[in-house]
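Within every chain, numbering begins at 1; the chains are lettered A, B, ... in the order of the sequence lines, protein sequences first and strands thereafter. These figures come from a predicted structure and were not determined experimentally.
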Amino acid sequence: MFDQEQQIIEAKIRGFCAQNEIPLAELKWSPIPFSGEWGISTSFFAAAALEARAGKKIQVPQRAQEIAEQIKVQIGSVDGISRVEAVKGYLNLYFETSEYARRVVDEVLASGADFGRGASKNERVMVEYAQPNTHHSFHIGHARNTILGEALARLVQFAGFDTIRASYPGDIGLGVITILWAYDKFYKGQEPQGIHERGQWLLKIYVEATALLEPKENETPAEKSRREAYDAERREMYRKWDAGDKYVRDLWLKTREWSLEELRDILRILNVKMDVWFFESDADEPAKEIVDELIARGIADDERPQGGAVIVKIDEKLGLTKEKYRTNILLRSDGTTLYLTKDLALAKQKFEQYHVDRSIYVVDVRQSMHLQQAFAILKLWGFPQADKCYHLGYGFVSLPEGAMSARRGRVVLFKDVLDEAIRRVLAVESEKGPDVPEEDRKKIAEQIGLGALVYSMLAVDNSRDIVFDINEALSFDGRTGPYIQNAYVRANSILKKASAPPANMPPATFDYELDSHEVQLIELISRFPDTVQQAANEYRPLVMASYAYDLANAFHSFYHAVPVLQTDNENVRAARLRLVAVAKQTIANALRLLDIQAPEVM
RNA sequence: GCCCCUGUAGCUCAAUGGAUAGAGCACCUGCCUUCUAAGCAGUAGGUUGUGGGUUCGAAUCCCGCCAGGGGCGCCA
C-alpha cells in the first residue's frame with residue numbers, strides 16, 4: 001500500500017550505498033515491532049557483515065547502526081513518511097497515521113469481498129483431496145483431509161492461481177470386495193433409510209465381515225474351515241469383479257452410489273464443490289497401458305520372464321549411489337496394477353488432459369515415500385511438471401484410545417461429531433444468543449458447530465498428528481472458530497445499529513489521535529493481502545488460521561476499548577464506522593478462505 | 001539397517017536467520033443499568049529434549065546423541 005514511498009526510499013538507499021562503496025545485499029522490509037505505530041523497517045547487518053568479510057576491521061552491529069544513521073540523514077523527508085529513525089542497526093520509517101489509515105480503509109471498502117485477492121498468476125494448479133474409500137463412512141480423519149484440501153484450494157485460488165479441485169476416491173480393492181461379499185451373503189436386498197444411516201450400515205457390515213475373515217486365536221478346525229470357505233468366496237467375488245461379471249458389477253455400482261451419495265452430502269455440508277472426480281477403478285486400464293511405455297523407455301525393468309514383477313529401480317535410474325527412493329513395483333507378477341501404477345497414469349492425465357502446471361496431493365503423511373517415488377518416476381519419464389508436484393502430507397488423526405480402525409469399527413464419524421456440535425451450540429444459544437430468531441437457530445448452530453470443528457483442524461500445522469478430543473474440537477472459548485465468528489457478529493451488530501451499509505458509508509478522515517487499538521486493528525487489516533500470498537505459497541492454511549484469530553482478537557479489544565456509536569465527534573464516529581465495516585469485511589474474507597461461515601448473529 | 005516427522009510454559013499449540021520466544025486451556029484477580037461477557041483487562045508460568053558447530057545474530061541452519069511416532073518390492 002506504500003509501494004511508491006518504499007521504492008523512492010529504496011532508490012535513495014541504493015544510491016547512497018553505491019556512492020560510498022557499501023556492499024548492499026537485498027533489501028528486506030518488515031513491519032516495525034513494538035512500536036504501536038505503522039511503518040516498515042530494514043536492517044544493515046548483512047552489508048556490515050560483507051564489509052567485515054572483505055577485511056575491514058569493524059564490529060558488525062556498530063557498523064550496521066552507523067550505516068543506518070548515515071542513510072537516515074541521506075533520506076531526509078519523503079511525502080507520506082512522518083519520521084525516520086536509526087536504531088540498533090535498523091532503519092525504521094514511520095508512515096503518517098491519518099494518511100495510512102485512510103488508504104487502508106478506502107482500499108478495503110472499494111474491494112469488498114475481493115480485498116486481498118492476488119493478481120492472476122497464469123498458472124493452473126490442481127488440488128487432490130476429499131478421497132475416502134467408498135463403501136465406508138466418512139470419519140474425522142477424512143474430515144481433516146477434506147478441510148485442509150478445501151482451505152488450500154480456496155487460498156491458492158484467491159492468491160491468483162487457476163484452480164481445479166479433484167477427488168480420487170478408492171472405489172475398489174479387497175476392502176470394498178469384503179463389504180460386497182458380506183452384503184450379498186447376509187443382507188442381500190436390505191437398504192436402510194437415510195443417506196448417512198445407509199453409509200454407516202455398510203461400515204457395520206465391514207466390521208462384521210472382518211471379524212469372520214480374520215484368523216482367531218485358538219480357533220477350532222470347524223471355525224478355520226468356515227473362515228477359509230468365506231475367504232475363498234470373497235476371492236472368487238474379486239475375480240468376478242475383475243472379469244466384469246454383470247451381477248457383481250451391478251452390486252458394486254449400487255453400493256458405491258450409496259457411499260457417494262453420503263460423500264456428496266458431506267461435501268455439500270462443508271461447502272466443497274468438486275470439479276473433477278477420478279475413480280480408482282477407472283485408473284486401472286490407463287495404468288496397465290503406461291507400463292509398456294515405461295519399459296520401452298528403459299525406466300521400468302520387466303522381470304516377468306524370471307517369474308517376477310515389473311519394477312522401477314528408481315535410485316539406479318536417477319544415478320543415485322545412496323539409497324533414497326529405493327525400488328517399487330509397477331505390475332504384480334500376475335499382471336495386475338498397483339496404487340503407484342494408477343497414480344502415475346492419473347498424473348499423466350492431469351498433465352495432458354487438464355494441463356495442470358502444479359499438482360498438490362493432500363494425502364496422509366504415511367504415504368510420503370510412495371508419492372516421492374511417484375514424483376521421481378514422473379521426472380524420469382520427462383514431465384517438467386514433476387518438479388511442481390507437491391505432497392501436502394498431514395499427520396493422522398487418532399483417538400485418545402488409539403488409532404482409528406474402520407475394520408474394527410473404532411472410528412469417530414464426521415456426521416456424529418457434527419450432530420453433537422449442533423446439539424451443544426443449541427444448548428448454549430438460548431442462554432448466550434437471545435437475539436437469534438427461532439427459525440434461524442438450527443442453521444446458525446450448524447455454522448458455529450462446524451466453525452469450531454473446521455478451525456480446530458486448521459489451527460494445527462499439518463505435519464503434526466492430532467489426537468481427536470471432541471471437547472477440544474467443539475470448544476467455543478478462546479482460540480476457536482466461534483471466537484472469530486463472534487468478532488464478525490459484533491462488527492455486524494454495530495453496523496446494523498448505525499444503519500450504515502458499507503455502500504453509502506459517509507467519507508471520513510482519520511486526522512484525530514488514534515487509539516492504540518485502532519492502530520493495531522488497521523495494521524492487521526493491511527497485512528491481509530500478504531498473508532493470503534504467504535499461506536498460498538507455503539501451502540499452509542495454518543498461516544491464515546493464525547491470522548484470522550489475531551484479527552478477531554484485535555477487533556474484540558477494539559470493540560471493548562473504543563466507543564463507536566457513542567462518540568460525540570461526528571467525524572470520529574464516521575471514521576470508526578468505516579473501520580468497523582472494513583474489519584467486518586476482512587474477517588469475512590479470512591473466514592471464507594478457511595471454509596468457515598460467518599453468521600450475521602449468534 | 002536406512003529414510004521421514006515430532007520434541008518450545010503444567011496441558012494443547014504458534015513463531016523457519018533478526019530487535020523483548022507468543023497465544024489458548026487450566027489457575028488466580030478485576031470488568032455486564034453503557035455498540036452481544038461465545039467477550040475484555042491483568043497476575044503467574046521458559047537454560048526452546050541434549051551436547052557441539054556455523055553466524056554480527058540460532059527455537060529456526062549443520063553434525064552427534066536421547067525420547068516418541070511413521071515408513072521401507074508385488075496393501076492403499
Side-chain angles (χ1 to χ4, degrees), chain A residues 28 30 32-34 41 43 45-46 48-49 52-53 58-64 87-90 92 133 170 173-175 280 303 308-313 322-334 336-340 342-343 363-370 372-373 393 395-396 398 425 428-429 431-436 448 452 456 459-461 463-467 469 472 475-483 485-487 489-498 538 542-543 545-546 549-550 553 556-567 576 580 601-602:
Chain A
K28 283 189 292 189
S30 56
I32 307 168
F34 325 119
S41 173
S43 70
F45 296 109
R53 244 164 269 155
I58 48 170
Q59 296 289 311
V60 169
Q62 283 83 338
R63 176 60 182 152
V87 51
K88 294 183 183 175
Y90 289 85
N92 296 333
N133 292 335
L174 194 59
E280 193 182 338
E303 295 183 342
V310 178
I311 63 168
V312 184
K313 296 173 179 167
K322 282 175 68 178
E323 77 171 9
K324 181 166 183 189
Y325 298 106
R326 301 176 173 242
T327 297
N328 210 343
I329 295 176
L330 286 185
L331 217 51
R332 292 189 185 93
S333 41
D334 67 1
T336 54
T337 64
L338 287 119
Y339 185 51
L340 176 65
K342 294 170 193 169
D343 247 334
V363 178
D364 190 322
V365 73
R366 283 173 290 192
Q367 293 179 33
S368 160
M369 178 70 150
H370 159 79
Q372 293 315 311
Q373 290 176 330
F396 62 90
S398 63
V425 180
V428 292
E429 214 167 61
E431 168 201 342
K432 292 186 169 172
D435 297 341
V436 178
I448 296 171
S456 76
V460 178
D461 210 357
S463 59
R464 279 178 186 273
D465 294 341
I466 291 180
V467 178
D469 177 327
E472 273 174 36
S475 165
F476 307 141
D477 300 321
R479 203 170 186 282
T480 64
Y483 176 93
Q485 290 171 316
N486 188 232
V489 164
R490 286 174 131 186
N492 188 51
S493 175
I494 293 177
L495 295 173
K496 264 194 309 190
K497 284 223 160 86
E538 296 178 4
L542 167 69
V543 169
S546 298
Y549 173 78
D550 292 341
N553 179 241
H556 277 303
S557 297
F558 163 83
Y559 178 90
H560 185 79
V562 182
V564 177
L565 299 176
Q566 276 126 13
T567 307
R576 286 184 177 158
V580 170
V601 290
M602 67 187 276

With nearest nucleotides of RNA chain B determined for A:Lys28 and A:Ser475 from heavy-atom distances, which residue corresponds to the more 5′ nucleotide?
A:Lys28
Considering every strand and a 4.0 Å limit on heavy-atom distances, what is the contact class for [X]: base, sugar-phosphate, or nothing?
X	answer
A:Val460	sugar-phosphate
A:Leu565	base
A:Val467	nothing
A:Thr327	base
A:Val580	nothing
A:Gln367	base
A:Ser368	nothing
A:Ala49	base
A:Asp461	sugar-phosphate
A:Val562	base

Separation of A:Ile448 atom CD1 from B:A38 atom C1', in whole Å?
8 Å
For each nucleotide in nucleotides 19-24 of chain B, reading 5' to 3', give B when a protein heavy atom comes within less than 4.0 Å of its base, S when such contact involves only the sugar-phosphate, and - otherwise.
BB--SS
A:Met602 and A:Pro482 have their tightest heavy-atom pair at CE-O, 3.8 Å
For A:Gln62, I'd like to know if atom CD has over 12 heavy atoms of other residues, nucleotides or ligands within 6.0 Å.
yes
So if I take every side-chain heavy atom of A:Arg326 and compare against B:U6, B:C2, B:A15, which nucleotide ends up nearest?
B:C2
Nearest to the side chain of A:His556 - B:G39, B:U36, B:A15?
B:G39
Does the side chain of A:Val580 come within less than 4.5 Å of A:Phe558's, by heavy atoms?
yes
Pull out every stem in RNA chain B, meaning runs of 3 or more consecutive Watson-Crick or G-U wobble pairs with both distances under 3.5 Å.
B:1-7 with B:66-72, B:10-13 with B:22-25, B:28-31 with B:39-42, B:49-53 with B:61-65
